[in-house]
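None of the values given here were measured: they were computed from a predicted structure.
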Amino acid sequence: MADERLIFAIGRIERALSRIEKLAISPTASDESDLSKRHEKLKSETLAAIHDMDKILAGAD
């Protein structure tokens, strides 16, 4: 019983690794586009947060 669960878990890990390898070798254009959009959004939100902190700190003087 425990052996079956171990074999099943190993199979799941191997399938997950296979999917990761496929994406690492040749990511799709939509993946790259999505990543680029998420990166730009994160940069924008980070800059907004920094500006907000600057305003708070300026008011503390």
Salt bridge (charged side-chain N to carboxylate O under 4.0 Å, His left out) filter on Lys55, not counting sequence neighbours, yields none

May I ask you to decide whether Glu40 forms a salt bridge with Lys43, counting only side-chain N to carboxylate O separations under 4.0 Å? yes

Whichever hydrophobic residues join Leu17 through chains of side-chain contacts under 4.5 Å: Ile13

Applying side-chain contact (heavy atoms from CB on, under 4.5 Å), can you list everything that pairs with Lys41, at least two apart in sequence or on another chain? Glu45

Remaining members of Ile50's ILVMFWY cluster at a side-chain heavy-atom cut-off under 4.5 Å? Met53

Residues in side-chain contact (heavy atoms from CB on, under 4.5 Å) with Arg38, at least two apart? Asp34

Going by chain and number, the hydrophobic cluster around Ile20 (ILVMFWY, side chain to side chain under 4.5 Å) further includes none

Mind checking what makes salt bridge (charged side-chain N to carboxylate O under 4.0 Å, His left out) contact with Glu14, not counting sequence neighbours? none

